[in-house]
*Asks:* 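Quick one: the structure is below, questions incoming.
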Amino acid sequence: MDIKDPNPCRVIGVLDDGTASLSQTALALLRSADVVIGGARTLALFERELKAGAVRHDLTGKLKEVPEWVRAARADNLSCVVLATGDPLCHGIAPYLAQHLCVEALDILPNLSTLQLACARIGLAWQDARIVSVHAKDAGEWRRGSVPGHGLYALAQAARQHARLLILTSPDNSPDRIARLLLAEGMGDDFLMAVAENLLQPEERVLAELTPQQAAEMKFAALNVVLLWRITPFARPVRFGLADAEFAQRQPEKGLITKQEVRAVSLARLQLRADSVVWDIGAGSGSVGLEAARLCPQGHVYATEKNDADYAIAGQNHANFGVSNYSLYLGKAPEGLDAWPDPDAVFIGGSGGELATLISGIMERMRPNGTLVMNFVTLENLATATATLQALEGVSWDVLQLQAARSKPILHMHRMAAENPVWIVCARREAHHD
């Protein structure tokens, strides 16, 4: 039998037109509340509606204290209201409260989301849109190759995958900064923007059909939401098995690239998942890491290359590849690896003479069921790798020799021309059994 809580905390969605945004039920609950919790601006907006003696708690910068305030009010049998903007279940406070209090202790009265209002203002259907919040700690302007901790990372990923985006902004991650992200990622011609400022306030302004180029140079009111919609068809790139010619390579003497056949087998042996964290050490032209980025749309690829010319080529391929989950660094491994998160998969295409140290360090950092894949063309490096793996406890490994031959014209016929043989060494840390 379902027993309803006799004194739930009411989580009420409000908008900036004050009491006009509330139902009669919500307004009555607010007026009779003994304890009212909300942001400073929201409390000020409804000050005249609060009963004499009502306790007010400003949650600005004190989110962690809110569950305790609610518990204390309920313990004293006081009626408690939390004021939230729009729909408390859409990037709002309600899920946080449900996590720290039992769900039955809450009675949620949602309102329109500001995102819904913005869509209504310009007539944009939103049932298939992706909602993204960039209301995160300021991490500065977006740069190509930024890592997952950046406050705009989720937006950069979503813009690659969705045709419509509804964005909850912050004073730092503002519409002009969002526009500059699109420009930095080469998507400036793919989207139009709308910015809705100060919704339901006397100074409301809605700017529709801005280009990212225009918005990048503008300033906007602090309270706003952003809508993005794609105006060009989605690219439909090949995700796996690209021809070598698809990648820029150093000319006239070609730089390092893992050939298509070897690349395909190496990627298969990496056992990638949608959210894998991948390391690409000795990136060369970037071919393995960039294909891995397409195969791991919810993951991230960290790549390093010590040669200046190859680093520049890999950066060029990154710019052409249409991925936002790839970070490229100039350096000689193992330098810099300490700053990377532990990997699910590691590819070594070049080791710069640090092979034994690299292998040992990588297998220590490898996540459970992770895989290390290495390509070698010399007997000496193969011997070093297998000897190092043999000496490691709890590591299983195998070697695959791959030799491909490609057809080439000869007169009016074709012959087979052999590629150099490559050894593909795979290693996994064996699962621990207690």
Side-chain angles (χ1 to χ4, degrees), residues 15-16 85-87 90-92 112-146 148 150-237 297 319-325:
L15 295 167
D16 280 338
T85 301
D87 186 343
C90 179
H91 291 281
L112 290 173
S113 165
T114 52
L115 296 173
Q116 283 176 273
L117 282 172
C119 288
R121 293 291 190 266
I122 68 166
L124 183 73
W126 64 278
Q127 70 269 9
D128 57 352
R130 172 70 183 272
I131 297 173
V132 181
S133 173
V134 296
H135 209 282
K137 187 176 179 182
D138 181 22
E141 290 284 322
W142 178 262
R143 298 283 180 265
R144 186 189 294 281
S146 293
H150 196 288
L152 294 174
Y153 185 84
L155 175 58
Q157 299 298 88
R160 296 282 183 198
Q161 301 170 39
H162 299 275
R164 295 185 180 189
L165 297 156
L166 316 182
I167 306 166
L168 294 162
T169 62
S170 72
D172 294 312
N173 291 327
S174 51
D176 52 305
R177 182 178 280 184
I178 290 168
R180 289 191 290 274
L181 174 150
L182 294 174
L183 297 176
E185 287 293 320
M187 294 188 281
D189 295 329
D190 295 328
F191 286 93
L192 284 178
M193 299 178 63
V195 181
E197 302 175 329
N198 299 315
L199 284 165
L200 298 177
Q201 297 183 55
E203 60 271 32
E204 177 183 305
R205 181 173 73 149
V206 179
L207 298 157
E209 297 201 2
L210 295 173
T211 66
Q213 290 84 353
Q214 291 170 325
E217 303 297 327
M218 296 171 66
K219 295 297 177 193
F220 299 91
L223 293 176
N224 66 75
V225 294
V226 170
L227 314 179
L228 295 178
W229 60 98
R230 179 173 277 275
I231 55 173
T232 61
F234 271 113
R236 297 176 59 250
N320 294 337
F321 226 70
V323 293
S324 301
N325 58 337

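Because the structure is a prediction, the values reported are computed rather than measured. Note: hydrogens, waters and symmetry copies are ignored here, and every other heavy atom, side chains too, is used.
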*Asks:* Locate the shortest heavy-atom distance separating Gly151 from Ala139; write the atom from each residue and the value.
*Replies:* N-CB, 3.8 Å

*Asks:* I'd like to know whether Asp87 forms a side chain to side chain contact (heavy atoms under 4.5 Å, CB included) with Gln116, so could you lay out the CA-CA distance, the side-chain angles of the two residues, the decisive distance to 0.1 Å, and finally the verdict.
*Replies:* CA-CA 10 Å; Asp87 186 343; Gln116 283 176 273; 5.5 Å; no

*Asks:* Between Met193 and Leu227, is a side chain to side chain contact (heavy atoms under 4.5 Å, CB included) present by the stated rule, with each step listed?
*Replies:* CA-CA 6 Å; Met193 299 178 63; Leu227 314 179; over 6 Å; no

*Asks:* Identify the two heavy atoms, one from Ala179 and one from Ala215, that lie closest to each other, and give their separation to 0.1 Å.
*Replies:*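 That would be CB-CB, 3.8 Å.
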
*Asks:* Give the intermediate values and the outcome of side chain to side chain donor-acceptor pair (under 3.5 Å) for residues Arg230 and Thr232.
*Replies:* CA-CA 6 Å; Arg230 179 173 277 275; Thr232 61; 3.2 Å; yes

*Asks:* So, do Ile178 and Ile167 sit near enough that their side-chain heavy atoms are less than 4.5 Å apart?
*Replies:* yes

*Asks:* State the CG-CE distance between Leu210 and Met218, to the nearest 0.5 angstrom.
*Replies:*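 So the CG of Leu210 and the CE of Met218 are separated by 5.0 Å.
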
*Asks:* Angle between ring planes, His150 versus Trp142, binned at 30° and 60°: parallel, tilted or perpendicular?
*Replies:*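 Perpendicular.
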
*Asks:* To the closest 0.5 Å, what do you measure between CG (Asp16) and OG1 (Thr114)?
*Replies:* 9.0 Å

*Asks:* Mark yes or no: Arg236 above the aromatic ring of Phe234, with NZ or CZ under 6.0 Å from the six-membered ring centre and no more than 45 degrees from the axis.
*Replies:*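 No, a cation-pi geometry is absent between Arg236 and Phe234.
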
*Asks:* Specify the closest pair of heavy atoms between Ala118 and Val225, including all atoms of both residues, with the distance to one decimal.
*Replies:*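 Result for this residue pair: CB-CG2, 3.5 Å.
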
*Asks:* How about Leu223 and Gln201: do any of their side-chain heavy atoms sit closer than 4.5 Å?
*Replies:* yes

*Asks:* If every non-hydrogen atom of Gly188 is compared with every non-hydrogen atom of Leu183, which pair is closest and at what distance?
*Replies:*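 Smallest interatomic distance, heavy atoms only, reads CA-CD2, 3.7 Å.
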
*Asks:* A side-chain contact here means heavy atoms from C-beta on lying under 4.5 Å apart; do Asn173 and Leu152 qualify?
*Replies:*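 Touching, per the 4.5 Å side-chain cut-off.
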
*Asks:* To the nearest 0.5 Å, what is the distance between OG1 on Thr85 and NE2 on His91?
*Replies:*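 Between Thr85 OG1 and His91 NE2, I get 14.0 Å after rounding to 0.5 Å.
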
*Asks:* Mind jotting down which residue pairs meet the salt bridge (Lys or Arg N to Asp or Glu O under 4.0 Å) criterion with at least one end in residues 155-178? Sequence neighbours excluded, please.
*Replies:*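 The answer is Asp138-Arg177, Glu141-Arg177, Arg160-Glu185, Asp176-Arg180, Asp176-Lys219.
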
*Asks:* Report the distance from atom CG of Leu124 to atom CG of Leu166, rounding to the nearest 0.5 Å.
*Replies:* 7.0 Å

*Asks:* How long is the gap from OG1 on Thr169 to CG on Asn224, to the nearest 0.5 Å?
*Replies:* 3.5 Å

*Asks:* Testing the basics here: between Trp126 and Cys119, what is the closest heavy-atom pair and its distance to 0.1 Å?
*Replies:*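 In terms of heavy atoms, the two residues are closest at CB-SG, 3.7 Å.
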
*Asks:* Minimum heavy-atom separation for Ser324 to Ala156, with atom names?
*Replies:*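 Closest approach of Ser324 to Ala156: OG-O, 3.7 Å.
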
*Asks:* Do Leu112 and Leu15 have side chains that get closer than 4.5 Å, going by heavy atoms?
*Replies:*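 Counting from C-beta outward, Leu112 and Leu15 do come under 4.5 Å.
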
*Asks:* Starting from the C-alpha separation in whole Å, work towards a yes-or-no answer on side chain to side chain contact (heavy atoms under 4.5 Å, CB included) for Leu155 and Leu165.
*Replies:* CA-CA 9 Å; Leu155 175 58; Leu165 297 156; 4.3 Å; yes

*Asks:* So do Leu168 and Val134 actually touch side chain to side chain, heavy atoms under 4.5 Å?
*Replies:* no

*Asks:* Just so I know, are the side chains of Ile122 and Trp229 near enough to count as touching, which here means a heavy-atom distance under 4.5 Å?
*Replies:*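 A side-chain contact exists here, since the closest heavy-atom pair is under 4.5 Å.
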
*Asks:* With salt bridge (Lys or Arg N to Asp or Glu O under 4.0 Å) as the rule and sequence neighbours excluded, what pairs involving residues 197-212 come up?
*Replies:*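 Listed by first then second residue: Arg121-Glu204, Glu197-Arg205.
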
*Asks:* With side chains defined as the heavy atoms from C-beta onward, is the minimum distance between Leu207 and Phe220 less than 4.5 Å?
*Replies:*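 Touching, per the 4.5 Å side-chain cut-off.
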
*Asks:* Does some side-chain heavy atom of Gln157 sit less than 4.5 Å from a side-chain heavy atom of Asn325?
*Replies:*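 Result yes, sub-4.5 Å side-chain heavy-atom pair found.
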
